[in-house]
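Keep in mind that this is a model prediction, so the values were computed, not measured.
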Amino acid sequence: MKIQLQPLSSAPRAELMALMNDPRGVRQMPLASLPFTQFDCDGLLAAKKAMWEDHGDGPWAIWVDGQFAGWGGL
């Protein structure tokens, strides 16, 4: 198994939106709400990209064997 981390902006939007609309995952994210729309996705990606630009780090897209598996950070 190969695990890779890339900035969240590398995540495929459709897969990120599907993940963020899955109630099983959203219940673990207290600031998330359903439905997660294209507008929400654009805002999330812009905010997380700004973190990378401002601080040189931010949330990661997690890839397992070349497939988007989720996202997270410390």
Taking N21 for the side chain and P35 for the main chain, is one N or O donor matched with an acceptor at less than 3.5 Å?
-> no

Residues that, via side-chain heavy atoms closer than 4.5 angstrom, fall in one hydrophobic cluster with W60 = M1, I3, L5, W52, I62, V64

Quick one: closest heavy-atom pair of A11 and W63, and the distance?
-> CA-CZ2, 4.2 Å

Indicate the atoms forming the closest heavy-atom contact of V26 with M20, along with that distance.
-> CG2-O, 3.1 Å

Does a side-chain heavy-atom distance below 4.5 Å link E15 with Q67?
-> no

Are any of the side-chain heavy atoms of P59 and M51 separated by less than 4.5 Å?
-> yes

In chain order, what residues pass the side-chain contact (heavy atoms from CB on, under 4.5 Å) check against R24, with sequence neighbours excluded?
-> D22, R27

Co-membership, hydrophobic cluster, residues F68 and M29, 4.5 Å side-chain | yes

Could you state the interatomic distance from CG (D40) to CE (M17), rounded to the nearest 0.5 Å?
-> 7.5 Å

